[in-house]
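To start, the structure under review is shown below, and the notes come after it.
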Amino acid sequence: MTTIVDFVQRLRTEAPAAVAGLQDRDAVRLLREAFGTIARDLEAADEGVHKVAGLGVFRVRKAPVKPDGTGGGKLIGFRPGKRPLAGGIPARKG
């Protein structure tokens, strides 16, 4: 399992400009708050496509309920954007 600290270290290697000038604890706090904010927004969102400029597209849909009554909830998919992000940081390819 990858931790958020591992993720920050990976960013320092793969995209150093993204975390330049940030201490590890500040980068961790920033990521935690950013992902938390996005998660809360998507949890409250209706079904459909939700675009976040400079980040990508989230698709929210209802999960099917199985005959035994289990399941349901939301399924959320994400496709990263392809345009450069603010500050000239290139978007991830793929």
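Computed from a predicted structure; not experimentally measured. Note that these values count all heavy atoms, side chains included, but never hydrogens, waters or copies made by symmetry.
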Which residues share a side-chain hydrogen bond (donor to acceptor under 3.5 Å, both in side chains) with Thr2, sequence neighbours left out: none

side-chain hydrogen bond (donor to acceptor under 3.5 Å, both in side chains) contacts in which one or both residues fall within residues 65-76, not counting sequence neighbours: Asp68-Thr70

Ala63 to Gly72 - nearest heavy-atom pair and separation: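 In this case the closest contact between Ala63 and Gly72 is CB-O, 3.1 Å.
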
Those residues that, when tested against Phe7, pass ring pair (Phe, Tyr, Trp, His ring centres under 6.0 Å) (two or more places apart):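 Listed in chain order: nothing, the list is empty.
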
Compile the donor-acceptor pairs under 3.5 Å between side chains in residues 19-33 and protein atoms, sequence neighbours left out, one pair per line.
residue	atom	partner	partner atom	Å
Asp24	OD1	Gln9	NE2	3.4
Asp24	OD1	Arg12	NE	2.9
Asp24	OD1	Arg12	NH2	3.0
Asp24	OD2	Gln9	NE2	2.8
Asp26	OD1	Arg29	NH1	3.3

Throw together a table of side-chain donor-acceptor distances under 3.5 angstrom for residues 46-56, partners on residues two or more places apart or in other chains.
residue	atom	partner	partner atom	Å
Glu47	OE1	Lys62	N	3.1
His50	NE2	Asp46	O	2.8

Shared hydrophobic cluster for Leu11 and Val5 (ILVMFWY, side-chain gaps under 4.5 Å):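 In one cluster: yes.
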
CZ-CD1 distance between Phe58 and Ile38, expressed to the nearest 0.5 angstrom: 4.5 Å

Co-members of Leu75 in a cluster of I, L, V, M, F, W and Y side chains, linked at under 4.5 Å: none

Polar side-chain atom of Asp6 near backbone of Thr3 as donor-acceptor pair, under 3.5 Å: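 Yes: the side chain of Asp6 pairs with the backbone of Thr3.
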
